[in-house]
Amino acid sequence: DVFGTDKYGVVTVVECKRYCADLAAVTQLRRYVEKVMVSKGITKVRGILAAPKITENAERMLNDWGFSFISVKPPKYLEEYTKRQARLDGF
């Protein structure tokens, strides 16, 4: 979801989830990181999964692959839109 560099200049990919991150979110992050490594011809890419919560299995897998988890909460003013929000696959 977000691609850039961290304060040390390391290429970083951040996968953002609105709800609890699961194994699928971790594998999605890994695919993104691997694609960036291949397309940029680099061997070091930082992977971060940002979500309100993460399952125990997903956190274990995330750590095994050397990625990080950051707990984030969407702003309160966005809560009213979550139930009505259209998904991209609906277009």
Side-chain angles (χ1 to χ4, degrees):
D1 295 328
V2 180
F3 173 78
T5 58
D6 66 11
K7 64 182 178 182
Y8 302 107
V10 177
V11 174
T12 303
V13 175
V14 181
E15 174 62 26
C16 303
K17 295 296 179 192
R18 290 188 293 170
Y19 306 109
C20 187
D22 57 9
L23 293 172
V26 179
T27 56
Q28 183 178 18
L29 175 62
R30 183 174 181 177
R31 283 193 311 271
Y32 291 157
V33 167
E34 289 173 349
K35 285 182 182 184
V36 169
M37 289 191 320
V38 169
S39 69
K40 300 290 183 188
I42 56 179
T43 58
K44 184 174 182 179
V45 175
R46 184 175 176 199
I48 300 172
L49 183 56
K53 301 186 285 186
I54 187 168
T55 66
E56 188 177 317
N57 288 340
E59 188 167 25
R60 192 175 309 117
M61 180 186 287
L62 195 72
N63 292 330
D64 288 347
W65 287 343
F67 301 141
S68 304
F69 172 72
I70 296 176
S71 179
V72 294
K73 300 235 184 235
K76 288 285 188 192
Y77 69 88
L78 292 177
E79 287 182 4
E80 64 185 84
Y81 299 105
T82 58
K83 291 190 179 19
R84 298 180 302 168
Q85 187 174 7
R87 293 174 48 107
L88 287 176
D89 59 4
F91 291 97

Result of checking T12, V38, V11, V45 against V33 for side-chain contact (heavy atoms from CB on, under 4.5 Å): V45
Between F3 and L49, is there shared hydrophobic-cluster membership here, with clusters defined by ILVMFWY side-chain heavy atoms closer than 4.5 Å? yes
Report the C-alpha separation of F67 and R30 in whole Å, then their side-chain angles, then the decisive distance to 0.1 Å, and conclude whether the side-chain contact (heavy atoms from CB on, under 4.5 Å) test is met. CA-CA 9 Å; F67 301 141; R30 183 174 181 177; 3.9 Å; yes
Given side chains that start at C-beta, do those of L29 and L62 come closer than 4.5 Å, heavy atoms only? yes
For A25 and K17, which heavy atoms make the closest approach, and how far apart are they? CB-CE, 3.7 Å
Looking at S68 and I48, would you say the former's side chain and the latter's main chain have a donor-acceptor pair under 3.5 Å? no
Do the side chains of V13 and I42 join up, straight or via other hydrophobic residues, at under 4.5 Å, putting them in one cluster? yes
Given 3.5 Å as the limit, does a donor-acceptor pair link the side chain of D1 with the main chain of C16, or not? yes
Specify the closest pair of heavy atoms between A21 and A51, including all atoms of both residues, with the distance to one decimal. CB-CB, 3.9 Å
I'd like to check W65 versus T27 (side-chain heavy atoms, cut-off strictly below 4.5 Å). Are they in contact? yes
Would a single hydrophobic cluster contain both V10 and F69, if residues Ile, Leu, Val, Met, Phe, Trp and Tyr are joined by side-chain heavy-atom contacts under 4.5 Å? no
Would you check if there is a donor-acceptor pair between the side chains of N63 and R60 at a distance under 3.5 Å? no
Just so I know, are the side chains of E56 and M61 near enough to count as touching, which here means a heavy-atom distance under 4.5 Å? no
Verify the cluster assignment for V14 and V36: are they in a single hydrophobic cluster under the rule of side-chain heavy atoms below 4.5 Å apart? no
Taking C-beta and beyond as the side chain, do R46 and D6 meet within less than 4.5 Å on heavy atoms? yes
One should read off an interatomic distance between Q28 CD and R31 CZ, to the nearest 0.5 angstrom, of 5.5 Å
